[in-house]
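Throughout, a chain's letter reflects where its sequence line sits, starting with A, and its residues are numbered from 1.
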There are 2 protein chains.
Amino acid sequence: MNDSTLPRSTYAEISELAGVSKSTVSRVFNGDSRVHPDRVAAVFEAAKQIGYRPNRAARALSTGRTGLIAVVIDDDVSALGDPFWGMVTSGVSRVLMQNGLQTLLMVAPLDDDDGPVAHYLESNEVDGVIFAQVHKDTLVRKVAKSGVPVVVIGTPSDDATDIHFVDTNNVAGGYMGTNHLFKIGCKTVATITGDIGTSAGLHRLKGFELAHKENNVKLNKNLIAYGNWSFDSAKILMLRLLASNPDIDGVFAANDISAMAAIAAIEERGKRVPDDIAVVGFDDTLVSQTSRPALTTVKQDIVGLGQAAAEAMLEIISGEKPDSRILSTELIIRQSA
Amino acid sequence: MNDSTLPRSTYAEISELAGVSKSTVSRVFNGDSRVHPDRVAAVFEAAKQIGYRPNRAARALSTGRTGLIAVVIDDDVSALGDPFWGMVTSGVSRVLMQNGLQTLLMVAPLDDDDGPVAHYLESNEVDGVIFAQVHKDTLVRKVAKSGVPVVVIGTPSDDATDIHFVDTNNVAGGYMGTNHLFKIGCKTVATITGDIGTSAGLHRLKGFELAHKENNVKLNKNLIAYGNWSFDSAKILMLRLLASNPDIDGVFAANDISAMAAIAAIEERGKRVPDDIAVVGFDDTLVSQTSRPALTTVKQDIVGLGQAAAEAMLEIISGEKPDSRILSTELIIRQSA
DNA sequence: CATAAACATGAAACCGATTTCAGCAAGTGA
DNA sequence: TCACTTGCTGAAATCGGTTTCATGTTTATG
């Protein structure tokens with residue numbers, strides 16, 4: 001059954017060695033203040049001596065808490081190639097680990113709210129769930145309703161106000177990027193959106209529209225191309241935009257990868273960046289530094305987003321009701337605009 | 001204690017509803033063939049009716065298996081920005097999930113073989129550990145010795161032959177990339193290595209050297225620049241190479257990011273890629289498709305690497321002793337060489 | 001000084017599965 | 001028909017912690 005090569009160590013052994021009961025051992029390890037200092041010392045000493053390691057399964061069984069937080073990432077192709085999610089996850093993992101919790105990673109389709117993933121999340125196998133890249137929030141709502149603490153990275157739809165979320169200020173970011181294009185003199189600014197089924201995609205587009213209003217530029221719907229974060233879609237869209245609107249002199253792309261695609265399309269049509277057309281991206285991932293021309297982009301704190309989500313989760317678990325957090329963005333000016 | 005909002009469901013309830021004992025319920029769920037078909041049906045029917053969900057903690061406590069596999073990724077800066085590890089991990093996760101196991105992600109420094117991570121891994125909290133990005137294998141050896149199944153992504157040092165590993169054929173890949181440069185007519189080929197403290201970095205360099213031998217080109221040690229996978233280090237090294245060896249006409253970079261950096265450095269010095277200097281990368285991550293000129297690179301199956309690691313882990317757990325697997329590489333010719 | 005309240009502790013029940021062991025029923029062989 | 005497998009089943013022990021409850025000991029209160 002248990003055939004570990006390590007010597008087993010249990011409360012029973014500590015209790016024997018320290019001359020106290022299992023109950024007292026448990027109290028000591030859980031910081032119960034009522035135990036006499038001498039016993040506390042004896043227990044710690046005994047534990048150290050036999051190299052005690054707690055058995056989490058046993059603890060989980062009796063407390064109902066597993067010490068695991070699931071991070072659920074939507075399993076579509078774009079999730080894999082984009083370093084974004086790895087960075088978010090490492091931010092989550094770092095904070096959780098510092099607090100004695102472990103990160104359970106689930107890369108799975110989120111549109112199935114009755115599949116194995118849904119069952120797993122609802123079954124108290126984890127103490128909380130952090131959702132990322134949400135298109136549909138039916139699964140999120142279902143899990144939240146089952147009583148499991150939930151934090152969403154991104155902004156849930158308006159009618160899910162009871163769900164805690166952490167997000168980048170994508171409206172401000174979209175505004176910032178677009179506004180920069182107007183400020184450097186662009187007259188005809190197009191955008192390649194992200195997936196507007198996600199809050200990030202939608203909000204960045206809102207920021208784009210807001211910048212038009214603030215700069216008293218009439219919004220031309222023909223200059224909005226609806227993409228899905230991917231290089232291929234963005235490139236096709238940019239080529240189309242150039243064909244139908246030859247006077248474009250600025251492009252705001254909803255992520256760095258789309259911006260790269262836009263630049264590729266623009267140069268393919270014999271125009272130059274930034275001289276003929278300026279391009280602004282979003283994310284400030286590695287590509288924005290490594291591309292040529294280096295990409296002017298709206299920076300978001302990706303690792304910080306993961307950390308904030310984990311911190312929110314910790315607060316919720318400890319019974320607090322934290323406010324949702326919106327992280328600010330910053331314009332990084334390089335060469336492309 | 002257990003205050004889930006879901007109705008609790010246990011073997012006891014099934015047993016009552018189905019009119020059998022808990023023992024029989026357990027046998028049914030574990031596929032014990034001795035149970036009478038009628039009872040099996042009754043148990044499944046009862047389970048479905050009350051919406052039974054197993055409690056993994058309870059199972060873990062009595063079997064000693066947790067159903068968790070840890071993926072341990074070395075926590076240095078390069079791990080974050082590089083999409084490589086996210087892709088590997090998603091490959092692992094997919095295979096494990098298909099087999100009812102969960103992926104526990106630990107992003108942690110691997111040089112501490114007596115810290116909390118080490119203790120956790122040795123404490124039978126997980127059924128197996130997959131290590132990635134290994135510089136030093138002291139922790140790996142320690143965990144393996146403690147009796148926990150271990151799979152390494154990468155190749156461990158020669159004296160750790162008992163540890164199972166899964167790797168890309170980096171020597172062949174390095175050869176392939178370098179050989180291509182010779183085949184297209186390059187005479188003076190430099191390389192920017194990865195971290196040669198890792199097997200991947202070292203083996204790609206070996207492949208570079210091998211290609212020289214096969215092409216009867218004398219190896220010039222001055223053309224080897226020792227990098228660490230990062231953009232910044234690679235760019236500085238490339239600038240140095242150009243300064244000291246003005247006749248370089250080909251560069252093999254140990255990863256795509258370094259190749260991007262090399263191209264940036266080359267163009268900064270007023271030379272053109274591939275006309276003046278051809279550049280080959282390694283990985284075939286997204287950047288190699290999105291860069292301009294598009295990067296000629298050695299493709300490795302990154303997701304497949306994760307999948308292979310997970311499959312090896314499954315075999316080890318089920319008592320087999322699988323052979324270590326070496327995945328092949330493929331040259332993807334684009335524009336940069 | 002008597003009584004109540006606070007404190008410190010151990011015995012035992014409990015969490016929800018798995019597994020051993022014993023026992024009953026049916027089938028086999030002599 | 002008797003002894004003996006073989007097949008199927010349930011009671012009870014077990015995994016390693018946590019928690020309740022009862023008890024003995026101090027300290028505070030009137």
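Taking every heavy atom of both residues into account, A:I302 and A:M87 meet most closely at CG2-CB, 3.7 Å.
Atom CD1 of A:I69 is separated from atom OG of A:S93 by 11.5 Å, given to the nearest 0.5 angstrom. Atom CD1 of A:I153 and atom CZ of A:F84 lie 7.5 Å apart (nearest 0.5 Å).
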Result block: side-chain N/O donor-acceptor pairs under 3.5 angstrom for residues 305-314 of chain A, not counting sequence neighbours:
from	atom 1	to	atom 2	distance (Å)
A:E311	OE1	A:R325	NH1	3.2

Residues 17-26 of chain A side chain polar contacts: donor-acceptor under 3.5 Å, at least two apart:
from	atom 1	to	atom 2	distance (Å)
A:S21	OG	A:S23	N	3.4
A:S21	OG	A:T24	N	3.3
A:S21	OG	A:T24	OG1	3.4
A:S26	OG	A:N30	ND2	3.4

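Within the structure, a side-chain polar atom (N or O) of A:R39 is placed less than 4.0 Å from OP1 or OP2 of C:dT9. Between B:N55 and C:dC15, a side-chain N or O to OP1/OP2 separation shorter than 4.0 Å is absent. Taking side-chain N and O atoms only, A:R59 has no distance below 4.0 Å to OP1 or OP2 of D:dG16. For the pair B:T63 and C:dT18, the criterion of a side-chain N or O lying under 4.0 Å from OP1 or OP2 is not met. For D:dT9, neither phosphate oxygen OP1 nor OP2 lies less than 4.0 angstrom from any side-chain nitrogen or oxygen of B:S21.
When each of B:R27 and A:Y52 is assigned the nucleotide of DNA chain D bearing its nearest heavy atom, the one mapping closer to the 5' terminus is B:R27.
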Every protein N/O lying under 3.5 Å from an N/O of nucleotides 4-7 of chain D:
none

Detail all sub-3.5 Å separations between protein N/O atoms and N/O atoms belonging to nucleotides 24-28 of chain D.
none

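Between D:dG17, D:dC8, C:dT18, one nucleotide has an atom nearer to the side chain of B:K22 than all others, and that is C:dT18. Side chain of B:S26, nearest nucleotide from C:dG10, D:dT19, C:dT19: C:dT19.
Side-chain to base pairing of A:S23 with C:dA11: one donor and one acceptor N or O lie within less than 3.5 Å of each other.
For the helix from C:dC1-D:dG30 to C:dA30-D:dT1, the rotation axes defined at the first and last 5 base pairs enclose an angle of 40°, given to the nearest 10°.
When the side chain to side chain donor-acceptor pair (under 3.5 Å) test is applied to B:D112, no partner is found at least two apart in sequence or on another chain.
There is no side-chain donor-acceptor pair under 3.5 Å between B:H164 and B:D323.
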